[in-house]
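Just so we're on the same page: letters track the sequence lines, and every chain starts at 1.
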Amino acid sequence: MRDRRRTLLISLPVAMLVIVAVFPFLWMAVSAFKPLSQLYTIPPQWLPDPPTFENFKNVVFQSNIPRYFINSLIISIGSTFLALVFAIFAAYGFARFDFRGRSAALAFVLIGQLLPTATVIVPLYIVLNYLGLINTYIGLILVYLILTLPLSVWMLTGYFRGIPKELEDAAIIDGASQLGVLFRISLPLVTPGIIAVTLYSFVATWNEFVFALSFATEKEMKTLPIGLAEFSTEFDTDWGAVMAASFVMTLPIALIFLVMQRMFVGGLMSGATKG
Amino acid sequence: MTIRNISPGVWFILPTMLLLAALIVYPMLSTAELSVTDANGAFAGMRNFNVAISAPSTRLILFNTAYYVIGSVVFQLLLGILAGILLNQHFAGRSLVRSLMLIPWVVPGIVAAMTWAWMFHTDYGIINYIMTQVGVISEPIGWLTNPNTVMPALIAVNAWKMFPFVAVMVLAGLQSVPEELYEAVRVDGANFWHEIWHIMLPQLRPVLVSITLLLTIWALDGITIIYSITGGGPANRSMIFPIQIYVQAFEYFEFNRAAALSVLYFLFISVIIVLYMRVFAAQEKD
């Protein structure tokens, strides 16, 4: 009885919560399929009638968005992969060994994860400029390691700690080397962790705005977030195209999320703190 | 200490630590150096800091930053705690609602910004339409162009974006509350509000403390939403500290002054980071 009353009592706030969370996303999606005449009407038209692909056509064939999409892919994958390689070793070191300075080093990684991007953009620009890495994939992949590397180390350390040490000790007794143990025993066991870290790093770099804005200024090198912001100028914004481009940009993230939802939330709990 | 005595752990972490030092420590030292030199590299003492601090817009920017950060964090917490408590109740379709609720947090920041900018559109925005229909406002408001509404509008976007994070953390915190606690107070005739006030919130306290610090750090780094929607305008009314750093460096090309701002900004934020790490370390020990 009490439970039933409670269910009724919470269904209204739950409905409101869902509307608040989902409405902007849906509004973006329906706007993307509206022709101009239906976007700019008062009262607003709720659903496109009929839906049009005109905005998507503009985005795909008449803007730089496809190029930006590919740039974003290359940079996100590059930085995610590079961070993963470094992080596997570091996380294993943190999880399995006790040494002087360990907790200080771990604290430093955490600081790296929390550090606001605005504090380092100026000198990073100067360094990248000096090295000739402004407007290059390598440059962006490197600076994005600030986002991906601490995150990966921090999360993976937790996953490595979860493996029983006895498993590794047994392998060592059987004559395996430390590296052999890492790659043959431990790494396969933290596959869920690797996947979670990869997802997080990819999403973090895919969404990143400020570094891309500062370090990729040429048309050929810009990433999706910048491309999206470019659509909107002070006096004239093609809102249909902006919504279509938003839709295109969100699609990969939405797919990852749908397929990997459990891991996504699990990863969040295990201390993902950048985004 | 010879090389052989060094723990293998050190070798494992060394490449990463060197890389992070190059990406974080070096730039920070370099920022400090830039902040006390002029454009030609000559020592300038505190001049950059003086100029940065005494600029007429500084007071407004500080006010805006505090406004944005406090407003964002308060609403993120309120909405997030509410959502977390709701989603911890039993109801049909709960897991579906849980994943739908994560949408704002998963959507890229720039997409959230653009979508809300469209919804806040003065003439064709859905928000003005709904609010005039319901009768909350009598005529459309220029949310993003009116100096008095621009900050609340941006705070709404930021609150929407991050409240799912709070909700997920609150949900996790609530799931570790032993059922006996609820049963104990129910025997005493407690209602739902008593449960929230006397059990859930006290149990969530450590989680909420660390989330609040994290949200503060993130809100202080909130360039994407504001810069892409208003660029800091109208008339600097939505200009916050990190955007000022960006503008100073990449629109005015005054790197030294931007570096001085970065140093001030870092000093301030490091206080919060230190607090967070202390809370974090205390929780690890438990």
Please identify, among [options], the residue contributing the most non-hydrogen atom pairs under 4.5 Å to chain B.
options                       : value
A/F23, A/F257, A/W27, A/Y92   : A/W27
A/V22, A/L39, A/V127, A/L142  : A/L39
A/E208, A/M243, A/R102, A/R96 : A/M243
A/F25, A/F247, A/Y40          : A/Y40
A/A118, A/S103, A/P43, A/A107 : A/A118
A/L213, A/T217, A/I253        : A/L213

Please report the shortest heavy-atom distance between [X] and [Y], naming the atom on each side.
X      : Y      : answer
A/P123 : B/T31  : CG-OG1, 3.0 Å
A/V122 : B/A258 : CG2-CB, 3.8 Å
A/D98  : B/S7   : O-OG, 4.2 Å
B/I103 : A/A21  : CG2-O, 4.2 Å
B/Y265 : A/P116 : OH-CB, 3.6 Å
A/W239 : B/M114 : CZ3-O, 3.4 Å

Please check if atom [atom1] in [X] has more than 12 non-hydrogen atoms from other residues, nucleotides or ligands closer than 6.0 Å.
X      : atom1 : value
B/R94  : CZ    : yes
B/E139 : CD    : no
B/F91  : CZ    : yes
B/F268 : CZ    : no

Check each atom of [X] against the heavy atoms of chain A and say whether the ones under 4.5 Å are side chain, backbone, both or neither.
X      : value
B/F241 : neither
B/W118 : both
B/I272 : neither
B/L19  : side chain
B/I130 : side chain
B/H90  : backbone
B/F255 : both

Distance from [X] atom [atom1] to [Y] atom [atom2], nearest 0.5 Å?
X      : Y      : atom1 : atom2 : answer
B/L14  : A/F89  : CG    : CZ    : 12.5 Å
B/Y276 : A/L110 : OH    : CG    : 6.0 Å
B/M119 : A/S31  : CE    : OG    : 9.5 Å
A/L114 : B/L220 : CG    : CG    : 12.0 Å
B/I24  : A/I111 : CD1   : CD1   : 9.0 Å
A/L115 : B/I217 : CG    : CD1   : 9.5 Å

For chain A, which candidate among [options] shows the most heavy-atom pairs at distances under 4.5 Å?
options                       : value
B/Y129, B/F266, B/Y26         : B/Y129
B/P104, B/A249, B/A259, B/G93 : B/P104
B/V274, B/I110, B/V106        : B/I110
B/A112, B/P242, B/A117, B/A92 : B/A117
B/T132, B/I245, B/T115        : B/T115
B/G109, B/P15, B/G233, B/A22  : B/P15

Check against side-chain contact (heavy atoms from CB on, under 4.5 Å), A/V20 and B/M101: CA-CA 9 Å; A/V20 167; B/M101 185 208 53; over 6 Å; no
Backbone of A/F86 reached by a side-chain donor or acceptor of B/T16 within 3.5 Å: yes
Polar side-chain atom of B/D221 near backbone of A/T117 as donor-acceptor pair, under 3.5 Å: yes
Given heavy-atom pairs under 4.5 angstrom as the criterion, report whether the side chain, backbone, both or neither of [X] touches chain B.
X      : answer
A/L149 : side chain
A/V242 : side chain
A/V18  : side chain
A/V153 : side chain
A/A254 : neither

Stepwise side-chain contact (heavy atoms from CB on, under 4.5 Å) check, A/F99 with B/I6: CA-CA 8 Å; A/F99 47 88; B/I6 296 175; over 6 Å; no
Distance flag, aromatic centroids of B/F12 and A/F94, threshold under 6.0 Å: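 Not under 6.0 Å, so no.
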Check: A/V210 and B/Y227 side chains under 4.5 Å, non-hydrogen atoms: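 Result no, sub-4.5 Å side-chain heavy-atom pair not found.
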